[in-house]
Amino acid sequence: MMTPEEKSTITDLKKCNFKEMYEYFKAKSEERKNMSKEEKKKIKAQNEAIQKEYGVCMMDGHKEKIGNFKIEPPGLFRGRGDHPKQGMLKMRINPEDVIINCSSDSKIPEPPAGHRWKKVLHNNKVTWLASWTENIQGHTKYVILNATFKLKGEKDLQKYEIARKLHRTVDKIRAHYREDWKSKEMMIQQRAVAMYFIDKLALSVDNEKEEGETADTVGCCSLRVEHIKLHDELDGKESVVEFDFLGKDSIRYYNTVSVDKRVYKNLKLFMDNKQPGDDLFDRLNTSIMNEHLNSLMKGLTAKVFRTYNASKTLQEQLNLLTNPDDPVPVKLLSYNRANRAVAILCHHQLFNAQVETLQMKARKRLSELKVKNNLGKPLERTTDPREATGKLSHITTLDENKEIALGTSKLNYLDPRISVACIQPYSRSIGDECASWKHISITLIQHPAIITPDPLEMSVPHAAYFNHPSSASSHTPDPLEMSVLHGSIFQSP
DNA sequence: TTGCCTACTTAGTAGAAGTTCC
DNA sequence: GGAACTTCTACTAAGTAGGCAA
């Protein structure tokens with residue numbers, strides 16, 4: 001930050017020499033690297049003490065970890081993609097900017113000496129503990145609990161239950177929107193085509209955002225004419241739609257899809273007499289869509305289709321790829337491939353310069369190891385699993401996951417019960433080799449729900465599935481008692 | 001109907017932390 | 001024992017969705 005005097009002196013940053021700063025930070029980083037074991041230990045202990053004092057709270061009588069108890073430090077706003085506010089200064093937050101939310105009978109946290117809080121609330125209808133408004137976009141930021149907290153698991157369970165409810169009625173809903181393609185009313189036609197895209201392609205929904213305030217990204221409802229091209233025929237397929245747009249986080253979505261003839265015809269109509277920058281679905285927005293969805297099924301919103309199709313894909317892939325007799329490494333490879341199919345569906349990407357180098361190395365090692373094996377084929381069952389070693393499976397996974405991020409779907413889209421049901425048979429068949437379920441699941445899958453099979457030991461996000469009283473309902477089989485086909489939770493009720 | 005606001009949920013990235021290899 | 005590799009986690013941006021008021 002510059003003072004007014006500095007601002008009048010420094011008019012062109014290109015003429016500044018930042019070498020000293022650069023050297024300073026380089027030295028700092030070097031210093032960190034060269035720290036002795038004792039110093040590292042000391043810092044770790046200090047951090048743990050801070051975590052112990054500020055990183056926990058009591059909620060409904062449970063001790064819960066707080067996710068982000070440290071306020072965001074000042075710095076340059078990064079933003080993703082071509083963000084108009086990229087590089088703006090994110091100001092320091094002072095206690096005077098912070099609202100505290102806690103029970104009226106609790107001990108109100110002390111502000112730092114010489115300061116006071118903006119406000120202290122006692123709102124027990126929300127989950128946040130403190131909030132402030134950031135200066136870049138004027139958004140409210142929250143101090144919230146860590147993802148492992150009880151309520152989060154319960155809400156997750158609800159989310160997947162709605163997805164399962166959708167499964168039971170999805171045929172009807174699909175038939176309904178197919179019928180609506182023929183509607184005389186333009187809004188209904190547009191709504192039905194958008195639903196088809198959301199369902200078939202797992203596009204995100206997209207709410208309108210203020211122009212010039214954020215990067216120019218779109219979702220299904222805000223697609224513009226310039227984002228799609230129609231081909232009567234392409235590569236031997238008929239009625240092909242070519243999508244090309246920037247979605248959430250400015251990740252490019254490029255896809256060519258052969259669509260239903262009626263949809264193709266509708267799209268032509270929607271694009272008629274429009275400029276490239278015009279809305280494709282000009283009569284549609286997310287609240288129209290969600291209101292309609294809720295009338296078809298209580299609790300249904302557009303994003304549920306993504307959850308449903310993701311979990312359904314996992315289950316289908318697991319059924320297709322796994323065999324109860326597979327050895328553990330092969331099982332793991334199959335699980336990762338199924339997970340990967342979901343990540344592809346949901347378009348979760350990984351861009352990292354390091355990944356490229358890692359992949360190259362992995363591929364090299366893979367070709368050395370693979371000679372007698374056929375593990376390289378994506379999404380196919382391996383024919384001779386016994387030949388697979390854990391190492392080879394691991395490297396194959398790495399190789400196949402180029403630019404595909406698996407974590408997001410694991411965390412937000414995959415019903416953990418499917419994973420539990422899938423590896424359940426293993427806990428019986430592996431026997432003494434892998435001493436415990438715990439060992440298997442930690443090695444196999446870093447899935448929040450199945451770090452350990454013991455519901456009483458679970459301290460992870462989806463734990464509520466198994467240890468909350470309401471989850472004892474008929475929809476939530478005890479993982480230890482499950483005798484369902486591995487991976488099958490989408491069965492008829 | 002529209003715009004705005006609040007309160008979550010979903011998302012990718014950097015780098016710390018942990019593990020394996022030589 | 002340290003370098004190289006790999007995984008995990010903190011961080012925070014960017015979505016979704018509901019509610020409310022003009």
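Fair warning: this is a prediction, and the values are worked out from it, not measured in the lab. Protein chains get the first letters and strands the later ones, always in sequence-line order, with residue 1 at the start of each. Side chains are part of it too, since the values below use all heavy atoms of this structure and drop only hydrogens, waters and symmetry mates.
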With the side chain defined as heavy atoms from C-beta on, A:T301 is closest, among C:dA14, B:dC8, C:dG18, to C:dG18
Round to a whole Å and report the spacing from CZ of A:R80 to P of C:dA13.
-> 8 Å
Criterion ring pair (Phe, Tyr, Trp, His ring centres under 6.0 Å) against A:H347, the qualifying member of A:F245, A:Y253, A:F243 | A:Y253
Find the distance A:K298:NZ to C:dG18:P and express it as a whole number of Å.
-> 11 Å
Short side-chain N/O contact from A:Q86 to OP1 or OP2 of C:dA13, under 4.0 Å = no
Sub-4.5 Å side-chain heavy-atom contact between A:L145 and A:T127 = no
Looking at A:K141, does any N or O in its side chain come under 4.0 Å of the phosphate oxygens OP1/OP2 on C:dA13?
-> yes
Find which nucleotide of DNA chain B each of A:N47 and A:H139 is nearest to by heavy atoms, and output the residue with the more 5' nucleotide.
-> A:H139
Rounded to the nearest 0.5 Å, what separation is found between the NZ atom of A:K298 and the CD1 atom of A:I162?
-> 8.5 Å
Could you state the atom-to-atom distance from CD1 of A:I66 to C1' of C:dC11 in whole Å?
-> 16 Å
Would you say the base of B:dT10 and the side-chain of A:K303 have a donor-acceptor pair closer than 3.5 Å?
-> no
Within this structure, what is the CG-to-P distance between A:N101 and B:dA7, rounded to whole angstrom?
-> 9 Å
Minimum-distance nucleotide (side-chain atoms of A:V126 versus C:dT12, B:dC8, B:dG12) = B:dC8
Of the candidates C:dT12, C:dA17, B:dA7, the side chain of A:N68 sits closest to C:dT12
Tell me what A:T214 touches on the nucleic acid: a base, only sugar-phosphate, or nothing, going by heavy atoms under 4.0 Å.
-> nothing
Would you tell me if any nitrogen or oxygen in the side chain of A:R306 comes within less than 4.0 Å of OP1 or OP2 on B:dA11?
-> yes
Take the protein atom CG of A:D156 and the nucleotide atom C1' of B:dC8, then report the distance between them rounded to whole Å.
-> 12 Å
Residue A:A405, side-chain atoms from C-beta onward, closest of B:dT10, B:dG12, C:dA13 | B:dG12
Going through the checks in order, is the side chain to side chain donor-acceptor pair (under 3.5 Å) test met by A:N124 and A:S103?
-> CA-CA 7 Å; A:N124 65 358; A:S103 306; over 6 Å; no
Scan A:T217 against the nucleic acid and name what it touches under 4.0 Å (heavy atoms): base, sugar-phosphate only, or nothing.
-> sugar-phosphate
Taking the side chain of A:S204 as its heavy atoms from C-beta onward, which of C:dT16, B:dA7, B:dG12 lies nearest to it?
-> C:dT16
Residues A:K165 and A:E161 bridged, charged N to O under 4.0 Å = no
Taking OP1 and OP2 of C:dA17, is either one under 4.0 Å from a side-chain nitrogen or oxygen of A:N290?
-> yes
Hey, does A:C346 have a side-chain heavy atom less than 4.5 Å from the side chain of A:T408?
-> no
Counting just side-chain N and O atoms, does A:Y413 come under 4.0 Å of either OP1 or OP2 of B:dT9?
-> no
Is the distance from OP1 or OP2 of B:dT10 to the nearest side-chain N or O of A:K159 less than 4.0 Å?
-> yes
Given atom CG of A:L145 and atom C1' of C:dA10, what is their separation to the nearest angstrom?
-> 16 Å
Which part of the nucleic acid does A:F77 contact within heavy-atom distance under 4.0 Å: base, sugar-phosphate only, or nothing?
-> sugar-phosphate
Just checking A:G219: base, sugar-phosphate only, or nothing, at a heavy-atom cut-off of under 4.0 Å?
-> nothing
Selection from B:dT9, C:dA17, C:dT12 that lies nearest to any side-chain heavy atom of A:K155 | B:dT9
Choosing from B:dT10, C:dA17, C:dA13, which nucleotide comes nearest the side chain of A:E72?
-> C:dA13
Between A:K90 (NZ) and C:dC11 (P), how many Å, whole number?
-> 11 Å
For A:T127 and B:dC8, is the shortest distance between a side-chain N/O and OP1 or OP2 below 4.0 Å?
-> yes
What is the distance, rounded to the nearest whole Å, between atom NE2 of A:H347 and atom C1' of B:dT10?
-> 15 Å
With a 4.0 Å cut-off on heavy atoms, is A:A215 in touch with a base, just the backbone sugar-phosphate, or nothing at all?
-> nothing
Between A:D60 and A:K150, is there a salt bridge with N-O shorter than 4.0 Å?
-> no
Of A:I144 and A:T140, the one whose nearest nucleotide on DNA chain B sits closer to the 5' end is A:T140
